[in-house]
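Just so you know, ligand 1 is whichever comes first in the structure, and atom 1 is the first atom listed for that ligand.
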Amino acid sequence: MASAEENAGRAVYTLADLRDWPTATAHARPPLRLAVIGDPVAHSVSPPMHNAALAAGGIDAGYTRLHIRPDELAAAFRLITRAGFIGVNLTLPHKVAALSLLDAVDLHAATLGAINTVRVNANGRLEGFNTDGPGFERAVRADFDADLRDLRVLVLGAGGGAGRALAAQCALAGCPRLVLVNRTVEKARALAETLRSRRASQTEILALAWDAAALAAALPETDLVVNASSIGLKPGDGSPLAGLAIPPRLLVFDTVYRTDHAPTPLVVAARHGGARAAGGMSMLLHQGALAFEHWFARPAPLELMRQALARPPS
Ligand code: NDP
């Protein structure tokens, strides 16, 4: 069956389309009522994953991409109710800005400081959630059969949007030790302060500059290293742990993923050192499944969504 976007003939819509959604999407079957909003967004692999779930659930809705710039986000939010949307996902660079633009934000998203899922409720009001942090927690459980609350975690790139959400999830889960590492160390320090003040947690929270000596000293006290930096995204990038010995007992989770499913340099380096390593596709899958559950209040067809992600991009 052709996807909704193929039927519509276009893979990416804009704010101008949202202003007259019935006309812009007149040929789309099923009607487009969900989307990922980003800038850029053409590369997103969320549509095939969600369209597989919608079709399997017999839900008369398709999922597409909306290219919305930062200064257009408020207008887009005002239009999606009128356009008949069930909800949207948010990706770069909108996750933090969305916090102040919604009618309601659940406590978890407010604590994480970012939104990646919006639901249009029965009164047309917009409710915000974050499924990146919980999706990461589920991915760690699925990939390593381990719980965050039992792991000493080191987050590389803790100052970025993903890093902040993952670090907050670790603190919420009550992991015993959380080391926040960021190139711009002030961001890691500020996040450590925020997490310490928001939660009476037993988690020991430290902030470190990103330097080889500090990382080498921290690794023996770490069970799980998470790369939430963008190192590994660009072709030619090396491993963010280059030059460091990776202990075989370490668990390594790279939030970066490749749409061709090739392992990232960090995953390659970790496996080479005998460690267990996983890439970011499983986090993408679980955050998507949790978004589906917010929209439809029923379990997501996880295996179908996994298979859709595993297909090569068309
Ligand atoms: P941001 O732009 O918000 O943050 C980027 C982070 O990477 C910052 O901490 C930044 O440090 C750091 N960084 C960038 N370049 C370097 C470098 N050369 N050396 C050291 N640190 C560097 O991006 P996001 O947080 O949204 O995304 C980060 C990663 O997470 C991406 O690779 C993305 O693919 C992945 N991701 C995966 C998801 C999934 O479902 N698997 C979901 C969301 C994100 P500084 O603060 O100093 O600039």
Novice: Counting from 1, what ligand 1 atoms have a heavy atom of Ala228 closer than 4.0 Å?
Specialist: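 Reading through ligand 1 atom by atom, the close ones are 28 (C), 29 (C), 30 (O).
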Novice: Under a 4.0 angstrom heavy-atom cut-off, which atoms of ligand 1 come close to Leu92?
Specialist: 26 (O)
Novice: Report yes if some N/O of Ser230 lies less than 3.5 Å from some N/O of ligand 1; otherwise report no.
Specialist: yes
Novice: If the threshold is 4.0 Å, N to carboxylate O, is there a salt bridge linking Arg141 and Glu137?
Specialist: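 Between Glu137 and Arg141 there is a salt bridge, with a charged N closer than 4.0 Å to a carboxylate O.
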Novice: Specify side chain, backbone, both or neither for Leu233, according to which of its non-hydrogen atoms lie closer than 4.0 Å to ligand 1.
Specialist: side chain
Novice: Please state which part of Thr91 comes within less than 4.0 Å of ligand 1, counting heavy atoms only: side chain, backbone, both or neither.
Specialist: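 For Thr91, there is no contact with ligand 1 at all, from either part.
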Novice: Would Ile68 and Thr14 count as a side-chain contact (heavy atoms from CB on, under 4.5 Å) if you check the C-alpha gap in whole Å, the side-chain angles of each, and the deciding distance to 0.1 Å?
Specialist: CA-CA 6 Å; Ile68 301 292; Thr14 65; 5.8 Å; no
Novice: Short question: side chain of Arg196, backbone of Ile205 - any donor-acceptor pair under 3.5 Å?
Specialist: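 Such a contact is found between Arg196 side chain and Ile205 backbone.
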Novice: Has the side chain of Asn227 got a donor or acceptor atom that lies under 3.5 Å from a matching backbone atom of Asp254?
Specialist: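 No, because the side chain of Asn227 does not come within donor-acceptor range (under 3.5 Å) of the backbone of Asp254.
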Novice: Do Asp39 and His67 pair up side chain to side chain, a donor and an acceptor below 3.5 Å, judged on atom types alone?
Specialist: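 Per modelled atom types, Asp39 and His67 side chains form a pair under 3.5 Å.
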Novice: Side chain or backbone of Lys187 under 4.0 Å from ligand 1, or both, or neither, by non-hydrogen atoms?
Specialist: side chain
Novice: Closer than 4.0 Å to some heavy atom of Thr184 - which atoms of ligand 1 meet that?
Specialist: 45 (P), 46 (O), 47 (O)
Novice: Give a yes or no on whether Arg149 atom CZ has more than 12 heavy-atom contacts from other residues, nucleotides or ligands under 6.0 Å away.
Specialist: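 For Arg149, atom CZ is not crowded (no more than 12 foreign heavy atoms under 6.0 Å).
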Novice: When you compare ligand 1 with Gly280, is there at least one nitrogen or oxygen pair between them that comes in under 3.5 angstrom?
Specialist: yes
Novice: Give the residue, atom name and distance (to 0.1 Å) of the protein heavy atom nearest atom 6 (C) of ligand 1.
Specialist: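 The closest one turns out to be Ser229 CA, 3.9 Å.
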Novice: Among Val226, Ile231, Thr264, Leu285, which one has a heavy atom closest to atom 19 (N) of ligand 1?
Specialist: Ile231
Novice: Report yes if Gly161 has an N/O atom closer than 3.5 Å to an N/O atom of ligand 1; otherwise report no.
Specialist: yes
Novice: Is there a donor-acceptor pair closer than 3.5 Å between any side-chain N or O of Asp211 and the backbone N or O of Ala214?
Specialist: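 Confirmed, Asp211 side chain pairs with Ala214 backbone.
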Novice: Give the residue, atom name and distance (to 0.1 Å) of the protein heavy atom nearest atom 38 (C) of ligand 1.
Specialist: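 Here the nearest protein heavy atom works out to Met283 CE, 3.9 Å.
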Novice: Asn182 to ligand 1: N or O pair under 3.5 Å?
Specialist: yes
Novice: Looking only at protein heavy atoms, which one is nearest to atom 4 (O) of ligand 1, and what is the separation?
Specialist: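 For atom 4 (O) of ligand 1, the nearest protein heavy atom comes out as Gly160 CA, 3.3 Å.
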Novice: N/O of Ala162 under 3.5 Å from N/O of ligand 1, yes or no?
Specialist: yes
Novice: Give yes or no for whether the N/O distance cutoff of 3.5 Å, strictly under, is met between Lys95 and ligand 1.
Specialist: no
Novice: Strictly below 4.0 Å, N to O, side chains only: are Arg138 and Glu293 in salt-bridge contact?
Specialist: yes
Novice: So, His108 versus Gln169: side-chain donor-acceptor pair below 3.5 Å or not?
Specialist: yes
Novice: Give the atom numbers and elements of ligand 1 that come within less than 4.0 Å of a heavy atom of Val256.
Specialist: 32 (O)
Novice: Regarding ligand 1, does Tyr257 bring an N or O atom to under 3.5 Å of one of the ligand's N or O atoms?
Specialist: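 No, there is no polar N/O contact under 3.5 Å.
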Novice: Does the protein put a heavy atom less than 4.0 Å from atom 33 (C) of ligand 1?
Specialist: no
Novice: What atoms of ligand 1 come closer than 4.0 angstrom to any heavy atom of Gly157?
Specialist: 9 (O)
Novice: Would you find a donor on one side and an acceptor on the other, under 3.5 Å apart, between the side chain of Arg119 and the backbone of Glu127?
Specialist: no
Novice: Would you find a donor on one side and an acceptor on the other, under 3.5 Å apart, between the side chain of Ser239 and the backbone of Leu241?
Specialist: yes
Novice: When hydrophobic residues are tied together by side-chain contacts of less than 4.5 Å, even through go-betweens, does Ile246 share a cluster with Phe144?
Specialist: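 No, separate clusters.
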Novice: Identify, for atom 35 (C) of ligand 1, the protein heavy atom at the shortest distance, and state residue, atom and that distance.
Specialist: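 Ranked first by proximity to atom 35 (C) of ligand 1 is Thr255 OG1, 3.4 Å.
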Novice: Would you say Asn116 and Asn89 are linked by a side-chain donor-acceptor pair, where the criterion is simply a distance under 3.5 Å?
Specialist: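 No, because no side-chain N or O of Asn89 sits under 3.5 Å from a partner of the opposite role on Asn116.
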Novice: For Asp132, is at least one N or O under 3.5 Å away from an N or O on ligand 1?
Specialist: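 No, since none of the N or O atoms of Asp132 sits under 3.5 Å from an N or O of ligand 1.
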Novice: Write out the residue and atom name of the closest protein heavy atom to atom 16 (C) of ligand 1, then the distance separating them to 0.1 Å.
Specialist: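 Going atom by atom, the protein heavy atom closest to atom 16 (C) of ligand 1 ends up being Arg183 NH1, 3.3 Å.
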Novice: Okay, side chain of Thr203, backbone of Pro176: is any donor-acceptor separation there less than 3.5 Å?
Specialist: no
